[in-house]
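Worksheet: one structure, shown below.
Note: hydrogens, waters and symmetry copies are ignored here, and every other heavy atom, side chains too, is used. In what follows, every chain begins at residue 1, and chains take the letters A, B, ... in the order their sequences are listed.
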Amino acid sequence: MINKIVKNQIFIPIAAMLFLLLFNLVTDPTFFKIAMGQNSAGNPVLSGPLITILNNGSELAILAIGMTLVTAASGGQDISVGAAIAIAGSTILRVLCGTNTRPDTLRTPIFVAFIIGCLVAMAFGAFNGVLVSIFKIQPMVATLILYTAGRSIAAWINNNELPIISDPRFGYYGGFIPGIPIPTPFFIAALCVVIIALVLKFTNLGLYTQAVGINESSSRLNGINPVFIKWLTFVILGACVAVAALIKVSRLSSINYSVIAKDIEMDAILAVALGGNALGGGKFNMAASIIGAFVIQTLTTTLFMHNVPSDALPAYKAIVVIALVVFSAPVFRDAVSKFMKNLKNGKKKEVANV
Amino acid sequence: MSKLSNKFKDMTDTNLLLTITIVVFFLMYIGAIVFQGKGFLKPQTFFNILNANAALIILSCGMSTVMIAGGIDISVGGMTALVTMCCAVYLDPTRGGAVANMDPNSGSVAVSMLIAVLIGLAYGLVQGFLVAYLDIQPFIVSLAGMFFARGMTTIVNTNPFNVANEKFVALKETRIIVPGMGTVNKLGKYVDAYVEIGVVVALIVVIVMFCLLRWTKLGRSFYAVGGNKQSALMLGINVKHTKFMSHIICSLLAGIGGYVYFLHVGSGAVTHAQGAEMNAIASSIIGGTMLTGGVGNIIGTFFGVLSLSTIQNIVASAGLDQAWWTGITIAAMLCIFLVVQSVVMARKKSAVKK
């Protein structure tokens, strides 16, 4: 029974989450305090570290959905998501503001701006997808192109100006809707999770991506088009990026091209890895990835609460990544199981000798 | 014509890609001379390209080695920043914030060099072990390495500062005059053409690495392992050890390259060498190193760096000096060369089938 629970893929992120929560409970019980306060607009809002995790972890959870699919189908990761968020966010602001960087009224409805941002992000996703699926370039190297150029393109879209939107309605997506004390990003993330759950349940997307990831040529022989499936996963990731970008720019009502969503690619990959998904492609577990995303956010918040400066965060996270991949490496697992066997056999021999 | 096409067919991949690179570089340089005036005709313009890119040449040599052996290392930029910061703090502890009121001239330059090499070696050992012996994807390992290095740099010291150590500054200011290449300036005064010490180091590295890859057993086994792991194993090459060595060499060169970068800028900062890993990969790819491994040439890499920086100079002197153009041009160039490579590979595969 215990063995079965431990072997379940979703056990890894949940165990990591419990460990982190326990760590916080011991070192700093205020971590669990949730207070009802008022934000600057005078609306009731909940606050506290747990709410921060739900709030800030939302983008990560949305990205983790797309990243899981890309990882499963192509056996590599997209490292351009941070840069793509800058592009999509910049597009949204450009559509909303036009050439005027301090508009009093929005030029277009927010929904239209989001759709255009979504199309742009999906186009860039499609570009990555073409490089990976048709030209057969390793995903990480193909997306390295956008990783370098992305923030430059984002700055270019807005002529390197920083538009600021004063309309409070735009702030709802990354903040609070008046009267609802729970942060909006959480609802958006929940909506995305429900959509992807329905898609996986009622279409063959999940099956096909796993088939392509496990064995490309045999999936082709079975009538699946691996080129299209790989391309599709990148486009889906593009859509996820656009949603995350909307939340990100809405939080600030502005954008900073070099800082927005910095290092988020690392967190997204980490979420997928923490969910116990093989980074080399193949089978995946979406729920585990999403929980993984919130675990990463918990780790970030915990580190912040222990006064780790934000620039130094990557160093700690890198150690976690390395530890994770080492533990999940087949070679390491084999070595450990061999070692355990030897230990058992050694004990038996000792007993026999006695 | 048929003779020419026969010759074209007989060319190995290495030579074909190398020829493309060298031709592209000379075309670009001649184009720059013709269209953008006499600035490019001065030898010093060329030497300045070398001066500014000495560190990149060294980093790219390491990158090519690891790519030929079938891996990749994106931690070199982060390592460069880490090396500059560690050496800066050692040479000038007071400004580095480590010790109050210490004579900035007490640190010895030789020890700082040793620190750079040791950081490189340590990185190489860890990353090489993880990649070669635990069989973890090199991209994941070095991605974590990159974030670790950047995070570690901020932990060592957050604020950028210039080093005031006299011995170091003297070494930094050393100019090596290239005889016969000087020009007469506007005042009618003869100005010598010069290169920095870093350039000499870079050229030595290029020559050593060229000889190592071409004429030593280790160098040949890099090609064998990168080309086809299974066949290399059957030939009796120790695949794991070869991969391990490729990472050691890459990281060692990154340590040396970091020091050369330090010599060029004379300061330590977290933001140093931002995106250098990208430039190094781009240079290697433009220089004809295949991402799939097994094909590549150090001379090509050298010309790759020169092409990359020449195009940056052209972009800058054409008046497009906004920061984003650099990123976009590099990404575009990389994209083109990647597609060319993938086409070459596809043609080779179809030729084998016939």
So what's closer than 4.5 Å to chain B heavy atoms on [X]: side chain, backbone, both or neither?
X	answer
A/Ile269	side chain
A/Ile79	side chain
A/Tyr147	side chain
A/Ile134	neither
A/Leu313	neither

Legend entry - Centroid-centroid distance, B/Tyr133 to B/Phe244, less than 6.0 Å: yes
Inset, instruction - Name the member of A/Leu131, A/Leu146, A/Ile322 that forms the most heavy-atom pairs with chain B at distances under 4.5 Å. - result: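 Answer, by heavy-atom pair count under 4.5 Å with chain B: A/Ile322.
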Inset, instruction - Tell me, out of A/Ala312, A/Ala315, A/Gly150, who's got the most heavy-atom pairs with chain B below 4.5 Å. - result: A/Ala315
So, [X] and [Y]: side-chain donor and acceptor under 3.5 Å apart, yes or no?
X	Y	answer
B/Thr289	B/Ser284	no
A/Thr143	A/Ser80	no
A/Thr209	A/Lys230	no
A/Ser289	A/Asn277	yes
A/Asn256	A/Ser254	no

Legend entry - chain A contacts, top residue of B/Leu130, B/Asn279, B/Ile140 (heavy-atom pairs, under 4.5 Å):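 If we count pairs closer than 4.5 Å to chain A, B/Ile140 comes out on top.
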Inset, instruction - With a 4.5 angstrom heavy-atom cut-off, could you sort out which part of B/Leu134 is near chain A: side chain, backbone, both or neither? - result: both
Inset, instruction - Mark yes or no for whether B/His247, through its side chain, and B/Lys243, through its backbone, hold a donor-acceptor pair below 3.5 Å. - result: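 Not at all, since once roles are kept as given, no pair shorter than 3.5 Å links the two residues.
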